[in-house]
Amino acid sequence: MSSGKQRASILDKSLSKGKTEVSLTAYTLLFSEMVQYSHNRITSVNELHNKLSELGERVGVRMVELLFVRERNYKRETKLLNILMFVKGTLWKSLFGKEADKLDRATDDERIYYLIEKEPLVNKFISVPRDKSSINCSAFIAGIIESVLVSTGFPAKVTALWHKGTTFMIKFDDAVLTRDKQLEGR
Amino acid sequence: MAVPGNYYFAIVGHHDNPMFEMEFAPANKEPKKEDHRHLNQFIAHAALDLVDESMWTTTNMYLRLVDKFNEWFVSAFVTAGRVRLICLHDVKNDDGIKNFFMEMYETYIKHSMNPFYEPNTPIKSPAFEKKALFYGRKYLTG
């Protein structure tokens with residue numbers, strides 16, 4: 001038998017932050033490959049958004065657990081506004097190094113919130129052809145936000161729109177609103 | 001020094017599916033009758049409703065005692081991603097169980113960092129089991 005494991009198993013590594021910065025160019029290369037990979041396998045714009053969303057989903061579920069342990073010291077969020085502030089502040093800071101630009105609530109529908117980001121990092125090196133101008137690769141970020149909300153217990157649908165830069169329209173399920181009102185009433 | 005007791009630990013996913021189960025017994029005890037094992041699953045499953053109710057009343061992850069069934073106590077721990085860690089035990093051991101939950105939570109996070117691990121699926125890694133055994137011996141059975 002060999003003399004034992006030479007490499008430390010992933011379970012033995014520490015959870016603390018380590019290096020928080022990743023090279024922008026390396027990330028952009030990876031992201032461009034992700035977009036091209038998805039692009040080769042779809043037939044419509046919506047499918048591209050869906051594929052990028054799915055990729056973002058896999059990131060989101062892991063970020064949630066990590067961030068609550070590292071940044072929020074093992075305290076969960078149970079209120080709607082708090083989880084939105086978590087997305088706008090903590091999540092955005094750890095992903096992009098800054099907070100999201102603006103968080104608004106829709107006036108006509110209380111289930112909808114708008115998270116506005118003027119220049120998302122993922123779109124920095126992407127040029128959109130004029131004939132497919134509705135493609136917004138921030139669908140990847142929309143997937144991250146959606147999976148963060150779903151896994152913390154606030155099911156929602158998140159779409160990326162071209163509005164004031166990029167706007168993420170977050171639409172919560174009715175059950176979330178009812179439960180939130182109930183909790184506040186207590 | 002913990003009073004020796006029996007423990008049943010389970011990690012439950014979003015669809016009430018068990019992702020990981022493990023039993024701890026004091027070192028000197030002989031293996032008990034076989035039919036206790038499905039009873040443990042049943043008690044843990046029944047306690048899930050109570051966990052879901054109390055998880056919205058507090059921002060703590062450790063929910064302490066949520067249920068009692070005959071001589072079994074049920075303690076629960078809810079993670080940020082709503083993964084529930086349930087522990088059935090027949091002796092009170094709040095501190096030991098809390099430490100055990102925290103360590104298993106961190107081990108779970110490290111395990112989920114593996115991109116090949118699909119969340120909400122059973123955890124089959126032998127390294128994970130070893131860690132669970134190790135922490136169980138350290139904090140639960142002494």
Side-chain angles (χ1 to χ4, degrees), chain A residues 5 7-18 30 34 54-55 57-83 85-87 90-91 144 147-155 175-176 178-186, chain B residues 11-16 19-20 48 51-64 76-85 98-121 123-135:
Chain A
K5 283 207 188 87
R7 290 193 324 253
S9 134
I10 189 178
L11 295 180
D12 293 320
K13 295 213 176 116
S14 147
L15 262 192
S16 64
K17 282 188 212 162
L30 177 64
M34 282 161 62
E54 270 171 51
L55 292 171
E57 211 179 292
R58 301 172 64 84
V59 174
V61 291
R62 292 169 170 89
M63 290 302 295
V64 165
E65 303 277 8
L66 262 186
L67 286 181
F68 271 99
V69 167
R70 286 180 183 166
E71 313 277 344
R72 291 287 176 118
N73 195 22
Y74 298 90
K75 282 272 178 205
R76 292 165 28 237
E77 291 299 345
T78 46
K79 299 230 177 68
L80 188 66
L81 211 51
N82 290 343
I83 196 72
M85 295 313 287
F86 169 77
V87 169
T90 316
L91 183 70
I144 299 183
S147 65
V148 167
L149 291 174
V150 166
S151 57
T152 44
F154 298 87
V176 177
T178 1
R179 187 187 64 211
D180 208 53
K181 290 208 176 84
Q182 254 182 349
L183 284 180
E184 263 177 65
R186 274 201 205 165
Chain B
I11 302 184
V12 185
H14 286 162
H15 311 291
D16 293 351
M19 296 177 352
F20 182 76
L48 288 179
V51 174
D52 285 343
E53 265 182 38
S54 43
M55 93 160 115
W56 294 108
T57 61
T58 170
T59 55
N60 288 333
M61 288 190 176
Y62 180 47
L63 295 178
R64 300 191 169 273
F77 182 98
V78 184
T79 72
R82 269 187 320 135
V83 173
R84 292 160 287 188
L85 311 179
K98 179 173 187 187
N99 288 332
F100 178 69
F101 275 148
M102 304 275 266
E103 294 289 355
M104 287 318 295
Y105 181 32
E106 288 191 14
T107 314
Y108 169 74
I109 296 181
K110 293 176 197 173
H111 177 77
S112 70
M113 287 297 123
N114 182 347
F116 292 112
Y117 170 66
E118 197 64 43
N120 272 318
T121 55
I123 299 177
K124 295 204 167 74
S125 144
F128 191 86
E129 284 176 28
K130 259 172 67 176
K131 285 275 178 186
L133 267 175
F134 170 72
Y135 288 125

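In this text the structure is predicted, and so the values were computed from the model without any measurement. Throughout, protein chains are lettered first and strands after them, A, B, ... in sequence-line order, and every chain is numbered starting at 1.
- Taking each heavy atom of A:R62 and B:N114 in turn, the nearest pair found is NH2-O, 3.2 Å.
- When all heavy atoms are compared, the tightest approach of A:T152 to B:A80 is CG2-O, 3.4 Å.
- Taking chain A as the reference chain and counting heavy-atom pairs below 4.5 Å, the highest number among B:H111, B:H14, B:M55 is found for B:M55.
- The CD1 atom of A:I10 sits 11.5 Å away from atom CD1 of B:I109, with the distance rounded to the nearest 0.5 Å.
- B:E129 pairs by the salt bridge (charged side-chain N to carboxylate O under 4.0 Å, His left out) definition with nothing, not counting sequence neighbours.
- Side-chain N or O atoms of A:R58 include none that pairs as donor or acceptor with a backbone N or O of B:P119 at under 3.5 Å.
- The structure places CE of B:M113 at 12.0 Å from NZ of A:K13, a figure rounded to the nearest 0.5 Å.
- Put simply, CZ on A:R76 and OG1 on B:T79 are 8.5 Å apart, with the number rounded to the nearest 0.5 Å.
- Within the 4.5 angstrom heavy-atom criterion, only side-chain atoms of A:R179, from C-beta onward, approach chain B.
- Options A:V61, A:V69, A:N82, A:V148 differ in how many heavy-atom pairs under 4.5 Å they form with chain B, and the most are formed by A:V69.
- Neither the backbone nor the side chain of A:F86 has a heavy atom closer than 4.5 Å to any heavy atom of chain B.
- B:Y62 does not touch chain A: none of its heavy atoms, backbone or side chain, sits under 4.5 Å away.
- Atoms CE and OH, from B:M102 and A:Y74 in turn, are 5.0 Å apart once rounded to the nearest 0.5 Å.
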Open item on the list: Test side chain to side chain contact (heavy atoms under 4.5 Å, CB included) on A:Q182 and B:W56; report intermediate values, then the result.
Closed with: CA-CA 10 Å; A:Q182 254 182 349; B:W56 294 108; over 6 Å; no

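- Note that CG of A:L11 is 7.0 Å distant from NZ of B:K110, once rounded to the nearest 0.5 Å.
- Of the inter-residue distances, the one linking A:E65 atom CD with B:Y108 atom OH reads 5.5 Å to the nearest 0.5 angstrom.
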